[in-house]
Asker: 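If you scroll down you'll find the structure; I have some questions about it.
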Amino acid sequence: MSDKKHTKVLIIGSGPAGYTAGIYASRAMLNPLLVQGIEPGGQLTTTTEVENWPGDSEVQGPDLMLRMEKHSKDMGCEIISDIITDLDLSKRPFTAKSDRGVTYTSDAIILATGARAKWLGLASEEKFKGFGVSACATCDGFFYRGEEIVVIGGGNTAVEEALFLTKFASKVTLIHRRDELRSEKILQDRLLKNPKISPLWFYELIEVLGTSNPLSVTGVRVKNVKTGDIITLSCKGVFIAIGHSPANELIKHVLETHLGGYVVTKPDSTETSIPGVFAAGDLTDHKYRQAVTSAGMGCMAALEAERFLSENE
Ligand code: FAD
Ligand code: NAP
């Protein structure tokens, strides 16, 4: 059944950027609608402790996002469990079609669709996805109690995942293509001090090994990027943590993007190349990609949408 709904401001995405935009747009009496997407709460729902959200020395990611959802709702934002599948930004009001068959029209749009995990693109990685290969330690770590695990990557995500997985695994090998980690120093210290974690420097994953019936991982083949030497490590789980790409599918052909698909915004602003369309958070941020910066951009987007609407009404 098709349904229609009009709003002054449609917010797409329910991470820190979307919920913060919801709080500010509600307080500006714009009665915003926020569509949550496939991952209500966004990326922080896939992690455990968050230690850099101001005001909380430590908070669980999923709890923080529930609090943000409640805060946004309490301020008056209508939160909808649905996914936007198609956007028409060619004329105002803008039109957004959803998975549930609803057509939303809106006078301004705030895009806050965030980012998603990257994969290496190996055929064997694809084959074992969900059967030993994962990009989410908090989702899947539990299945590897007492097992050996490898983590691929050298950023904050890889180091945090490796540390988290030591709760379950007997041994975690962090495989990185350099001998220098990109992650924060405090995390590096914890990693290097953890007796369950062994780093393997200058190696890259070339194949996930396993059985086909049942689908199950038994190890990995990794290559030394300097010498070309190939070695095999046995493990039951492979966690890919090599970064994230912006979730730009809805707009990549209509909005200006750069640096691998991040939406271009005007300097010191969340305005995109289309007036009335604002972008906030990891969708536009190739540099910081933090909860607090995403929330800050969500605030900016709502304030800018309010100004745009008052100038154009
Ligand atoms: P996201 O959190 O990516 O949320 C995007 C939202 O858009 C989701 O709700 C999704 O459902 C929605 N969406 C996408 N497509 C659609 C669609 N078509 N229709 C409707 N909705 C859609 N940062 C920190 O500051 N501290 C940390 O400790 C920290 N830990 C992290 C741990 C991990 C494992 C990861 C992956 C990231 C971590 N980050 C951390 C980074 C932080 O999570 C991100 O910077 C932040 O979540 C980005 O917020 P966002 O609102 O831009 O988007
Ligand atoms: P990232 O910082 O981009 O790091 C990606 C890592 O994967 C890098 O070490 C990179 O190696 C490696 N890599 C990339 N492509 C690869 C490939 N094809 N093969 C092998 N290795 C590859 O990504 P991230 O760790 O997911 O972090 C994303 C953002 O979220 C960052 O801004 C981060 O600060 C933030 N975040 C923050 C926290 C926190 O504050 N606690 C936690 C998690 C994430 P090189 O180093 O050689 O490039």
Side-chain angles (χ1 to χ4, degrees), residues 10-21 34-54 56 58-61 64-65 68-69 80-87 96-99 110-122 135-139 151-161 163-164 174-184 186-187 202-206 222 225 239-251 260 279-298 301:
L10 177 66
I11 301 166
I12 307 178
S14 57
Y19 283 145
T20 307
L34 182 152
V35 178
Q36 287 183 305
I38 200 162
E39 189 174 56
Q43 291 170 67
L44 282 187
T45 60
T46 68
T47 192
T48 49
E49 293 93 7
V50 174
E51 294 179 349
N52 49 17
W53 180 255
D56 287 307
E58 189 183 309
V59 56
Q60 295 291 309
L64 177 62
M65 295 320 298
M68 282 193 208
E69 177 181 355
I80 299 169
S81 171
D82 203 352
I83 300 166
I84 300 299
T85 51
D86 190 46
L87 262 185
K97 293 195 172 143
S98 87
D99 194 44
I110 296 175
L111 300 165
T113 49
R116 293 199 193 102
K118 277 189 198 162
W119 296 93
L120 289 165
L122 302 170
C136 178
T138 40
C139 317
V151 175
I152 314 293
N156 273 337
T157 303
V159 173
E160 283 194 341
E161 302 235 318
L163 288 164
F164 176 74
L174 181 96
I175 301 171
H176 185 34
R177 62 186 177 183
R178 298 189 289 141
D179 66 346
E180 203 181 323
L181 294 166
R182 200 178 273 276
S183 65
E184 288 166 21
I186 187 170
L187 292 174
F202 295 119
Y203 274 87
E204 64 183 9
L205 178 67
I206 52 170
V222 291
V225 295
F239 286 82
I240 310 289
I242 59 164
H244 288 77
S245 333
N248 64 10
E249 296 78 6
L250 290 170
I251 44 75
D282 280 13
L283 174 66
T284 170
D285 178 10
H286 58 90
K287 197 169 174 188
Y288 303 108
R289 292 171 297 178
Q290 299 292 300
V292 70
T293 44
S294 298
M297 282 186 260

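Order of listing sets the numbers, starting from 1, for every ligand and every atom in it. Hydrogens, waters and symmetry mates are skipped; everything else that's a heavy atom, side chains included, is used.
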Asker: Could you tell me whether A137 approaches ligand 1 through its side chain, its backbone, both or neither, with non-hydrogen atoms closer than 4.0 Å?
Answerer: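 Under 4.0 Å from ligand 1, A137 contributes no heavy atoms.
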Asker: Which ligand 2 atoms, with their elements, are less than 4.0 angstrom from a heavy-atom of G154?
Answerer: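 Contacts of ligand 2 toward G154, numbered from 1: 6 (C), 7 (O), 8 (C), 9 (O).
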Asker: Applying a 4.0 Å heavy-atom criterion (strictly less than), which segment of N52 is in contact with ligand 1: side chain, backbone, both, or neither?
Answerer: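 Contact part for N52 vs ligand 1: side chain (C-beta onward).
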Asker: What is the minimum heavy-atom distance between S294 and P16, and which atoms define it?
Answerer: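 Closest approach of S294 to P16, heavy atoms only: CB-CB, 4.2 Å.
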Asker: What do you reckon, does P16 put a non-hydrogen atom under 4.0 Å from ligand 1?
Answerer: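 The answer is yes, since P16 has a heavy atom less than 4.0 Å from ligand 1.
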Asker: Who's the nearest protein heavy-atom neighbour of atom 2 (O) of ligand 1, and how far?
Answerer: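 It is Q43 N, 3.0 Å.
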Asker: Measuring from non-hydrogen atoms of H244 to any atom of ligand 1, is the shortest distance under 4.0 Å?
Answerer: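 Judged by the 4.0 Å heavy-atom criterion, H244 does count as contacting ligand 1.
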Asker: Hey, does I240 have a side-chain heavy atom less than 4.5 Å from the side chain of L205?
Answerer: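 Of all side-chain heavy-atom pairs linking I240 with L205, at least one is under 4.5 Å.
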Asker: What I want to know is whether A291 and ligand 1 share at least one N or O pair that is separated by under 3.5 angstrom.
Answerer: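 Min N/O separation from ligand 1 is below 3.5 Å for A291.
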Asker: Q290 to ligand 1: N or O pair under 3.5 Å?
Answerer: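 Between Q290 and ligand 1, an N or O pair is found under 3.5 Å apart.
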Asker: Please report which non-hydrogen protein atom sits nearest to atom 10 (C) of ligand 1, along with the residue it belongs to and the distance in Å to one decimal place.
Answerer: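 Protein heavy atom at minimum distance: Q36 O, 3.6 Å.
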Asker: Identify the closest protein heavy atom to atom 24 (P) of ligand 2: which residue and atom is it, and at what distance?
Answerer: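 Checking every protein heavy atom, the shortest distance to atom 24 (P) of ligand 2 gives T157 OG1, 3.2 Å.
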Asker: Nearest protein heavy-atom contact for atom 11 (O) of ligand 2: which residue, which atom, what distance?
Answerer: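 Its nearest protein heavy-atom neighbour is R177 NE, 3.3 Å.
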Asker: Answer side chain, backbone, both or neither: which part of T85 comes under 4.0 Å from ligand 1, heavy atoms only.
Answerer: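 Neither part.
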Asker: Can you tell which part of T47 has a heavy atom less than 4.0 Å from ligand 1: side chain, backbone, both or neither?
Answerer: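 Within the 4.0 Å criterion, T47 contacts ligand 1 through side-chain atoms alone.
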Asker: Has I206 got more than 12 heavy atoms of other residues, nucleotides or ligands less than 6.0 Å from its CD1?
Answerer: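 More than 12 within 6.0 Å, yes.
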Asker: What are the atoms of ligand 2, with element, lying closer than 4.0 Å to any heavy atom of H244?
Answerer: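 The list of qualifying atoms is 26 (O).
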Asker: Taking all non-hydrogen atoms of both residues into account, name the closest pair between A158 and V151 and its distance.
Answerer: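 A158 and V151 have their closest heavy atoms at O-CG1, 3.6 Å.
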Asker: Can a non-hydrogen atom of E204 be found less than 4.0 Å from any atom of ligand 2?
Answerer: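 Contact absent.
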Asker: Under 4.0 Å, heavy-atom basis, I'd like to know which part of S294 is in contact with ligand 1: side chain, backbone, both or neither.
Answerer: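 The side chain, only.
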Asker: Does at least one non-hydrogen atom of R116 fall below 4.0 angstrom from an atom of ligand 1?
Answerer: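 A heavy atom of R116 does come that close to ligand 1.
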Asker: Is the closest heavy-atom distance from K118 to ligand 2 below 4.0 Å?
Answerer: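 In this structure, K118 fails to qualify as a contact of ligand 2 - no heavy atom is under 4.0 Å.
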Asker: Is H176 near ligand 2, meaning one of its heavy atoms is under 4.0 Å from it?
Answerer: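 Flag set, H176 near ligand 2.
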Asker: May I ask you to list the atoms of ligand 2 that are less than 4.0 angstrom from any heavy atom of R178?
Answerer: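 Ligand 2 atoms under the 4.0 Å threshold to R178: 45 (P), 46 (O), 47 (O).
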Asker: Out of I175, N52, L205, whose heavy atom is nearest to atom 39 (C) of ligand 2?
Answerer: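 Residue with the shortest heavy-atom distance to the ligand atom: N52.
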Asker: Could you tell me which atoms of ligand 2, counted from 1 in the order shown, lie closer than 4.0 angstrom to a heavy atom of Y288?
Answerer: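 Listed by number with element, the hits are 32 (O).
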Asker: Identify, by atom number and element, the atoms of ligand 2 in contact range of L120, meaning under 4.0 Å from any of its heavy atoms.
Answerer: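 Result: 17 (C), 18 (N), 19 (N).
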